[in-house]
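What you see is a predicted model; the values in this text were computed from it and never measured. Side-chain atoms are counted along with the backbone in the values below, which use heavy atoms only and exclude waters and symmetry mates.
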Amino acid sequence: MPEIVDDKSQHCIPFLLDRLRVHTERHRGKPSTPPFFIGLNGVQGAGKTVLVSALNDTLRSEPYSLSVVTLSLDDIYLDHANQVALAQAHPSNPLLQHRGQPSTHDLALGEEVFASLAAERPTAIPQYDKSAFEGQGDRVPKTHWNVVNGAGQDKVKVVIFEGWCVGFRAWDDQTLRAKWEAAVHQKENGKYDGRLGHVKFEDVKAVNDALKRYDVLTEWVSSAIGDCATRSFANIGFLSLRSKLDALIHIDAENPRFVYEWRQEQERTLRAAKGAGMTEEQVNHFVDGYYPSYELFTETLREGAFKPTPHNPSVSNPDWQGRQLRLVVNRDRRVQKVIRI
């Protein structure tokens, strides 16, 4: 696999330090400052892992000396048995036959971990082994998870939540159908290299409906603007949603189809390291299962995940501007554009 050069942290670190300053100022004079939650979105293979490593090293080093933990969306996939059961329950939906799409994550586990980190309680961070079951994957036993905020440990002050669909927002049914019909029309006209037009509407709708539930990973339930870091997820008396994420970094590709070759590179590296993994054909089939969501949900992410829109009216952040950084990368994963949203 070609070496991935870090040319992203030079843009991301100043952005995050500025947002950290705002976060600290907002909580000045209060008994404690809650952890700072960073969302990190990027297509598979775009360089998220290298960037996370650079962010970790910088924020943990002087003069910041912050305790940092990374939670990957991949690490809260359903365990293998439940993933198999999900696939069997939806045998005609190709998008749910393997891990990846909304529906294939353990949201209750993610919600529990987020709530525990926000409250600065001892927290076991889930882990997932993608090489298990010949590349189908399985969750690592809990006895092997790392624990943070334990006795004698510094409290976690920065949480990096990374994943391919972090920040994605579901569409209303009318818009969803219009986008699907447009993709089908392009396919029928022979000018189409996507995947959305190749799947049934009800299969796409199942994913979109599932994505609506993912707000538990990115939104606090709240009834008013204010500090929501200690509010309970279970308190259904609150009436609206407020973003859990204090900042979001989006690694965007000039051409989304780069993901196919990037994912092939990743799998070759995994096979070399683990001695097991997917074949090239399996990888392409695997990415096919993700690609309709790239087509559907990247649009609003590019406009701003925090920006209130007719399709995302529940997020009520008056200070949404300036909280997202978009990095557009070329085939070699090199940054071509930097846009603050």
Do Y260 and E265 get their side chains close enough for a donor-acceptor pair, meaning under 3.5 Å? no
Side-chain heavy atoms of Y128 within contact of D74, under 4.5 Å: no
What's the shortest heavy-atom distance between Q153 and V147, and which atoms? NE2-O, 3.2 Å
Whether R195 engages the ring of Y294 as a cation-pi pair (distance to the six-membered ring centre under 6.0 angstrom, angle to the ring normal within 45°) should be assessed. no
Please determine whether a side-chain nitrogen of the Lys or Arg among E299 and K179 lies less than 4.0 Å from a carboxylate oxygen of the Asp or Glu. yes
For Q264 and N284, which I'm curious about, is there any donor-acceptor pair between the side chains at under 3.5 Å? yes
Cation-aromatic face contact R177/F201, 6.0 Å, 45 degrees: yes
Report the C-alpha distance between Y214 and H105 in whole Å, list the side-chain angles of each, state the deciding distance to 0.1 Å, and finish with yes or no for ring pair (Phe, Tyr, Trp, His ring centres under 6.0 Å). CA-CA 9 Å; Y214 279 55; H105 299 91; 5.6 Å; yes
Do R19 and D246 meet the salt-bridge criterion of a basic N to acidic O distance under 4.0 Å? no
Counting neighbours of NZ on K212 that are heavy atoms of other residues, nucleotides or ligands and sit closer than 6.0 Å, is the number greater than 12? yes
Without swapping roles, check the side chain of S53 against the backbone of T49 for a donor-acceptor pair under 3.5 Å. no
Taking 4.0 angstrom as the limit, do K205 and E202 come out as a salt bridge? no
Is it true that, when you exclude E281 itself, more than 12 heavy atoms of the residues, nucleotides or ligands shown sit nearer than 6.0 Å to its CD? no
